[in-house]
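As C-alpha cells, the structure follows; a few thoughts come after it.
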There are 2 protein chains.
Amino acid sequence: MPVSLKDVAAHAGVSIKTVSNVVNNYQHVTPAMRERVQRSIDALGYQPNLAARHLRKGRTGIIALALPELGNPYFAELAASVIDTAAQHDYIVLLDHTGGLREQELLVSQGFRARVIDGLILSPIELETEDLRDRAHDVPLVLLGERDYDLPYDHIAIDNVAAARAAVRHLIDLGRRDVAFIGARRGRSEPAQLRVRGWREELTAAGLPADERLVAATDGWGHADGASAMNHILDSGRRPDAVFAYNDPMAIGAMRVLHERGLRVPEDIAVVGFDDVIEGRFGAVTLTSVSPDKAAIGRLAVESVLARLHDRATEHRRVSAPYRLVERESTLGRPAAQRRTDS
Amino acid sequence: MPVSLKDVAAHAGVSIKTVSNVVNNYQHVTPAMRERVQRSIDALGYQPNLAARHLRKGRTGIIALALPELGNPYFAELAASVIDTAAQHDYIVLLDHTGGLREQELLVSQGFRARVIDGLILSPIELETEDLRDRAHDVPLVLLGERDYDLPYDHIAIDNVAAARAAVRHLIDLGRRDVAFIGARRGRSEPAQLRVRGWREELTAAGLPADERLVAATDGWGHADGASAMNHILDSGRRPDAVFAYNDPMAIGAMRVLHERGLRVPEDIAVVGFDDVIEGRFGAVTLTSVSPDKAAIGRLAVESVLARLHDRATEHRRVSAPYRLVERESTLGRPAAQRRTDS
DNA sequence: CTCAAGTTTTACAACGTTATACACGCCGTC
DNA sequence: GACGGCGTGTATAACGTTGTAAAACTTGAG
C-alpha cells in the first residue's frame with residue numbers, strides 16, 4: 001500500500017535517486033525535471049519512510065521532552081512551545097512524563113530510548129548530579145528547570161534565586177514580616193533548592209529573620225501538597241502573614257486551606273505562587289505569581305538540542321530565560337473593589 | 001560506536017541470524033547456544049536498532065495520541081493512562097496537541113505522520129464527519145470524546161447524554177428550575193452536541209422548559225470562555241439558579257464571574273462541571289463535576305488500536321466507559337463555608 | 001566539429017534488521 | 001544402511017533511503 005521512491009521513479013520514468021534528490025531539494029536538478037518528478041510525487045501521494053531515512057542517516061528526527069507532569073499547565077504550555085519550535089525545524093517531539101520520579105528520570109536520562117531519539121530535553125525533579133554523570137550515551141541532553149547541576153550540559157532556566165527574591169521582596173514591600181515558604185524538597189541538600197535560597201537571601205537582606213520553622217517540606221508539588229503543608233504550618237501554632245509557594249498549584253492548595261480556616265487572603269495572609277498558570281487567574285482570589293517566559297524557554301531548549309546535534313563542538317552553556325512578577329489580588333494592599341470579603 | 005548484530009555475531013562466532021534468533025526468543029535455539037550468544041550480547045552491551053527493525057517489520061512501535069490541549073488536566077491524566085498502557089505492550093506514545101483546531105485535527109487524521117506511527121488515538125473537537133470520511137491511510141484510528149461520528153471507527157467515550165442528564169437531574173433535585181448551559185459549540189449542528197442534548201432531554205423529561213436563551217455558545221473551552229459566557233448570560237438580564245458547564249475550566253471561569261458579581265455559589269446559583277479535574281477540588285468553592293473514568297478510557301483506547309493493528313478484521317465498535325457524578329460544595333444544599341477539603 | 005569542463009542523472013552499495021529458503025546433522029524406520 | 005523427517009544453524013535477499021562515484025548529457029572554446 002505505501003508508495004516508495006521506487007514507485008514514484010517508475011511513474012516519472014526516472015531513477016530512484018533523482019526522486020530522492022527532488023525530495024531533499026538537492027541543488028543539481030533542472031527545474032523541468034523537478035517539476036515532472038514533483039507531479040508524480042503529488043499524483044501518488046508519496047510520503048518518505050522515516051525508518052528507512054533514519055537507518056540510512058543515523059538520525060530519527062525525533063527529540064524527546066521529558067516532563068515531571070503534564071497536568072501542570074506550566075509544563076503543558078512549555079510543551080506546546082517546544083513542539084512548535086521543533087516543528088519549524090522538521091523535528092517531531094516525543095512527550096514523556098516522569099512523574100518527578102527518580103527512577104523514571106534515570107531511565108530517560110540513561111536513554112532507554114537511545115535508539116529512537118536524536119536528542120533529549122529533560123526537566124528533572126529528583127535526579128542527582130551523580131545520576132547524570134555517567135551517561136553512557138552520546139545523545140545530546142538539555143536540562144530545564146529549577147535544579148542546579150554542576151555538569152557539562154546545556155541548562156535553560158530563569159534565574160530562580162533572583163525570581164524568588166523578587167517575590168519575597170514584593171511581600172516585604174507590602175509590610176509583611178513573617179513569610180512562610182511552602183514546597184521545600186524533603187531531605188535534600190539545601191544548595192540545590194534555589195527558590196528557598198532566594199527566600200532566605202531576601203529576608204536576610206531585609207534584616208528579617210529567616211525562620212526555618214516557616215519552611216514546609218513536601219513530598220509532591222500538587223494542590224494537595226500545598227494544602228497539607230499549609231495545614232501543617234498553621235497546626236504548629238505559627239501564623240505567618242505571607243506565604244511564598246514553590247508553584248501555583250501549591251499556592252492554590254494553600255489558599256483553599258486558608259479559606260477553610262477563615263483566614264482572609266490577602267488581608268490576613270498574602271500569597272505568591274510561581275509559574276503563573278491560567279488557573280491562578282480565575283480563583284475567588286486571583287494569584288500573584290512569578291511568570292517565567294515559557295515560550296522562550298521552550299524555544300531555547302529546542303535550539304540548544306539542535307545546535308548540539310548539528311555541531312557537537314560548542315561549549316556547554318547555561319541560558320537565563322526572562323521572567324516577571326505578575327501582581328494580582330492575593331497580594332493586593334487593599335481589598336479589591338468588587339471582591340466580597342466572605343469569611 | 002553502536003554495536004550491531006554483526007559485532008555480536010563475530011564476537012560469539014556465529015551467524016548474524018542466530019544472534020537475531022536469540023534476541024527475538026526464536027524457539028529453535030539450543031540452550032547452550034542461547035547462553036553463549038547471550039554472553040556476547042551482554043559483554044558488548046548490544047541494543048537493537050529500532051529503525052532497522054522497523055524498516056524490516058514495517059512497524060514503528062509508536063502510536064500517536066492527539067489531544068486538544070495538554071494544559072487541561074483531564075487530558076493530561078488521560079495521556080498518562082495511555083502512555084502507561086502502551087508501555088505495557090512495548091509501544092511508545094507520541095503526544096500531539098491540536099489546540100482543538102480543525103486544521104490541525106485534519107492534518108493529524110490525514111496522517112501527516114503516517115509513516116512514523118502505527119496507530120492514532122484522536123480526540124477531535126472541530127473535526128466533521130466528512131473530514132474523516134476520506135482518510136487515505138490505513139493507519140488504525142480510534143476516536144475519543146464527546147463528538148459523535150457516524151463512521152466505521154472505534155470510539156471510546158462515556159455516555160455523554162446520560163452523564164449530562166445525570167448532572168442536570170442533580171440540579172433539578174436540588175430544586176433548581178432555570179438551568180443554564182455554558183459551552184455550546186458556536187454554529188454547529190445540534191445533534192453532535194451530546195451534552196447540550198442531555199441538558200435539553202433531562203429538563204424536558206422533568207416538565208421544565210429548555211430555554212435556549214440559557215444556552216451560551218463559546219469559541220473555546222477554557223476558563224476565559226466560561227467567564228465571558230457567564231457574563232453574557234447575566235448581562236442579557238437572565239438570572240438562572242443553576243449552571244451546567246461543558247467542562248470544569250469553564251465552570252471555574254463562570255464561578256469567578258459569579259464571585260465578582262456578588263452572586264453566591266451554591267446559594268444563588270449552583271454549578272456543575274464536567275471532567276472532574278483536580279483544580280475543582282481546591283477553589284474557595286469546590287466544584288461538583290461529572291467524573292469520567294480516565295484510566296479506563298485510556299486503557300480501552302490503546303487496546304483498541306493494538307487490536308486493530310494485529311488483526312484488522314474486527315468489527316468497529318463503540319465502547320462506553322464508566323463515569324460518576326461527584327458532588328461537592330458548588331451544589332450543596334447548605335452554605336459552602338467551613339467545609340474541609342475532600343479528597 | 002571536437003574535446004575538455006561542467007552539469008545533471010544514474011547505478012550501486014551501504015545502514016541493521018528479519019524472513020525465506022536451504023544445508024546440515026541427528027534420529028528412528030523400513 | 002539408505003531414507004524421510006525433524007530440529008538447529010546459516011547464507012542471502014529484502015525493507016526504503018541516501019552517499020559515492022561514475023555515466024550521460026550539456027555547453028562553449030578552439
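Lettering follows sequence order; numbering is per chain, from 1.
Between A:Y149 and A:H155, the angle of the ring planes lies from 30° to 60°, which puts this pair in the tilted group.
A salt bridge links A:R318 to A:D148: one of the charged nitrogens lies within less than 4.0 Å of a carboxylate oxygen. Taking the charged nitrogens against the carboxylate oxygens, A:R133 and A:E128 have no contact shorter than 4.0 Å, which rules out a salt bridge. For the pair A:R185 and A:E146, the salt-bridge criterion is met [side-chain N within less than 4.0 Å of a carboxylate O].
In terms of modelled atom types and a separation under 3.5 Å, the side chain of B:E69 and the main chain of B:G99 share no donor-acceptor contact.
Note that CZ of A:R59 is 12.5 Å distant from CZ of A:R53, once rounded to the nearest 0.5 Å.
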Check your understanding: What is the per-nucleotide protein-contact pattern of nucleotides 13-18 of chain D, from the 5' end, where B denotes a base atom under 4.0 Å from a protein heavy atom, S denotes such proximity for sugar-phosphate atoms only, and - denotes neither?
Key -> BBBBBB
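For the 3.5 Å distance criterion, the side chains of B:R147 and B:S123 fail to qualify, holding no donor opposite an acceptor. Between the side chains of B:Q38 and B:D42, at least one donor-acceptor pair of N or O atoms lies under 3.5 Å.
Residues of residues 26-45 of chain B that place a heavy atom closer than 4.0 Å to DNA chain C do not occur.
A:R59 has its CZ atom 15 Å from the P atom of C:dG16, to the nearest Å.
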